[in-house]
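Remarks on the structure that follows.
Indexing begins at 1, ligand by ligand and atom by atom, following the structure's order.
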Amino acid sequence: MSITINKNYYYINSKELSLIIEEREGDLLLRHLGRKITNYHGSNAINERDHAFSGQLNPDVRTYSYDTQRQVLGLHGLGDFRQPSLKIQHGVSDVTRFEFLKAEVVKGISLESKLPYPHSLEKAETLIFTLVDKVADLELKLYYTVVEDNNTIVTYSEVINNSNQAVVIHRALSAMADVPTRDYDVVTLQGAYAREKTVRRQRVEQGIFKVASNRGASGHAQTPALILCDHEASEGAGEALAFQLMYSGNFQTFVQKSQINEVRVAIGIEDENFTWELASNESFETPVALITYSHQGLTGVSQESQAFVTDYIIPKQFAHEERPILLNNWEATYFDFEKEKLLELAEDAKQVGVELFVLDDGWFGNRFDDNRALGDWFVNEEKLGGPLQDLIEKVHAKGLKFGLWFEPEMISVDSDLYRTHPDWAIQVPNYGHTYSRNQLVLNLANPDVVTYLKDVLDKILTDNAIDYVKWDYNRNMTNIGNGANYLESQMQSHQYMLGLYDLVEFLTSKHENILFESCSGGGGRNDLGMMRYFPQVWASDNTDAIARLPIQYGSSYLYPTISMGAHVSAVPNHQMERTTPLETRGDVAMMGNLGYELDLTSLTQEEKDIIAGQIAHYKDIRPVVQFGQQYRLINPEAGSNEAAVQFNYENKVLATYVRVLSTVETVETTLKLKNLDQDANYMLQGTDQVYSGAELMYAGITVVLPQGDFLSKQFYFVKVD
Ligand code: GLA
């Protein structure tokens, strides 16, 4: 049994994780969140001293205060002076006191949400706490779902308004936990456009460390997640807890070290641009959060998260399917293409072994540059030399699949759609627009817009044999103000997300064999909300192999490799102007879902032969990369001169090493591989050299490279006995 109840104690157990909650006089106290305990006796119930200047609700018990108890719910205004997880305005106040009413355990996940939530949870168990605020006549439900094969808790909450008047939610976070005083680090994945998912690790100090987005999207600059770990935690050892939000809009996540050095950690929707009017008899569900635990360091928590995302979040039909090797025409042609050029590219792609040809931006309406035509989702037949389906048939005839780019959530002022529906853009009355890439965002909070997009996109996907869709989103939201009043406008950002999920749920379930890739100028919306519908992400517009190392490395902290597109592009690189050997570009892209994004027709035969060799080799190692267990061997973060990553899958092991700059006396690096069978023998492919597992793990393999910058080497081993 995963969930057990013993009197007023609630035990939520998964493989190696326990969450223990005590119900005490109506409050839910967090007794333990961490390594599994099956014989708990209430040993760590502490903090029962009279802390001055902390609020007490019972004058007879001066030792009990919300300010010092460890909780799963942070109530506002009742003496807990830390950050609340909930703030609801009713009547003249925003004070609420939710008290325990009942708890029940149900099979599966009890959720019929318009928000994304994990699938395949039929065998899971869910503990539901119901709490009530008798004054405001509000009900609060807290949900905790666990599976037995992963150290992840799925959690969210629901506010139900039983009163006969509307209330206003100002904050409703998805998960909160108070953990004991320890020396913690917090790890976040931050960055910028073309520099996504940089790993930032810092000590948790007194005060608040918060990462948030108010962009209307999760954004390039931050990821809706944080990892709280022991200060001493390393890749392989120490405790770590990852908090993630399955949401693609505004979010916040913070750690707060309190006056008594305990740490509150929470994640949910960001307050800025959020309030929610909850009418009588209505309910509000928070986005789903995941709490993942490991006592085996950062690699442990990454592997748990990667497994959970693969098994329970990525759409089932793609989660364990090898991804096609693609050629995308964007960096090959930008907007400058016509049919012949596309077919030449497709022909060369076929020759080198590519499996999917993707036509990027510029195929529709009057879209000759990025200043116009977003919203005009009708094929520019002049440019494509006829109907889209004719082009697709020609591509299919070469034995290639066909993919197409869309950016459905946007509208250009210079578009037929804008000329017809100028009010469909997100805007504040009487203020001018704010532009970004010269485009505006459609108001998906308006159901008419969602219905329109469903019809238009469904028609293109139905009328044409499209195998893959790249779904882009190339600006963030400003000028939020389409509501009839302030409150309505404050609801718009979250309503937008509900509209977006409705749209993508409709399209992806109706066209379930189409592989969707999520993109937002690269990784501007690389989050679990999108991944629930779109099995892979274009991790960055930065296609430079060296710049890509930390992006891919950071992505691996939480997301499986199979979710990450990685392309070989031309040199000098279009973003960095750097020239990297084709071999290294290939080795780096082969650490993700390999693709190419360059003008194959302009390459020499020798280069094409190298690419054909890479593709043939990738077809061999693809399951290792896409389904294997990943180990980060060398961190490529700023200042580092090297990177190395290992994948283990069945009897195969792949380790890739990249050296950024060489030095006068180039130091030879020895890679100690992880988690091999120490008594087995492994043959290095391409040689007849055999190594024992023990040798590879404990003595390691030395990388010998010639002098030179941006060089790399792959070591591919197959177990021989
Ligand atoms: C964004 C994407 C690119 C490309 C362009 C097309 O920048 O990230 O990959 O699709 O849009 O305009």
Side-chain angles (χ1 to χ4, degrees), residues 191-197 215 217-221 248 323 326-337 341-342 345 356-377 380 383-384 402-412 414-415 435-442 457 466 468-476 515-527 530-531 534 536-545 547-548 551-552 555 563-570 573-576 585 589 592-599:
Y193 172 74
R195 188 164 48 76
E196 298 89 337
K197 302 252 172 315
R215 295 170 172 273
S218 44
H220 299 86
S248 316
R323 301 298 165 77
L326 65 80
L327 177 88
N328 179 305
N329 77 310
W330 178 241
E331 288 195 16
T333 65
Y334 295 102
F335 292 101
D336 185 16
F337 60 82
K341 177 70 188 178
L342 296 178
L345 274 173
L356 162 68
F357 176 78
V358 181
L359 173 54
D360 210 280
D361 196 354
W363 57 268
F364 53 93
N366 196 23
R367 182 80 169 167
F368 290 97
D369 58 35
D370 62 6
N371 289 307
R372 65 204 82 245
L374 289 170
D376 294 345
W377 300 111
N380 186 327
K383 205 167 175 184
L384 293 195
F402 181 84
L404 196 61
W405 180 96
F406 291 89
E407 195 178 355
E409 298 159 71
M410 298 292 158
I411 181 166
S412 306
D414 181 2
S415 69
Y435 298 90
S436 181
R437 214 191 190 201
N438 245 344
Q439 63 196 53
L440 310 177
V441 186
L442 279 169
L457 298 173
I466 293 167
Y468 163 106
V469 165
K470 177 177 173 186
W471 182 294
D472 217 331
Y473 174 89
N474 279 316
R475 67 158 288 176
N476 288 141
L515 173 62
F516 281 77
E517 178 171 87
S518 153
C519 176
S520 169
R525 212 165 49 181
N526 186 353
D527 57 63
M530 297 313 286
M531 230 176 269
F534 300 164
Q536 62 186 48
V537 180
W538 177 225
S540 183
D541 270 1
N542 196 335
T543 57
D544 177 84
R548 198 97 185 178
I551 297 170
Q552 298 187 172
S555 181
S563 71
M564 184 182 71
H567 299 174
V568 172
S569 61
N573 176 267
H574 293 192
Q575 294 79 37
M576 305 294 289
R585 282 177 274 154
N593 298 344
L594 177 68
Y596 289 80
E597 186 157 337
L598 75 180
D599 186 358

Query raised in the report: Does a salt bridge link D360 with K470, judged by any charged N lying under 4.0 Å from a carboxylate O?
Result: yes
**Report entry** Pair E331-Q575, side-chain donor/acceptor within less than 3.5 Å
**Finding:** yes
Query raised in the report: Taking only residues two or more places apart in sequence or in another chain, which ones pass ring-ring contact (aromatic ring centres under 6.0 Å, His included) with Y596?
Result: none
Query raised in the report: Is the backbone of Y473 close enough, under 3.5 Å, to the side chain of R525 for a donor and an acceptor to pair up by distance?
Result: no
**Report entry** Close-range residues for ligand 1, whose non-hydrogen atoms fall below the 4.0 Å threshold
**Finding:** W330, D360, D361, W405, R437, K470, D472, N474, C519, G521, G522, W538, D541
Report summary line: Sorted by chain and number, sequence neighbours left out, side chain to side chain contact (heavy atoms under 4.5 Å, CB included) with D336 holds for none
**Report entry** ring-ring contact (aromatic ring centres under 6.0 Å, His included) partners for Y193, two or more places apart
**Finding:** H220
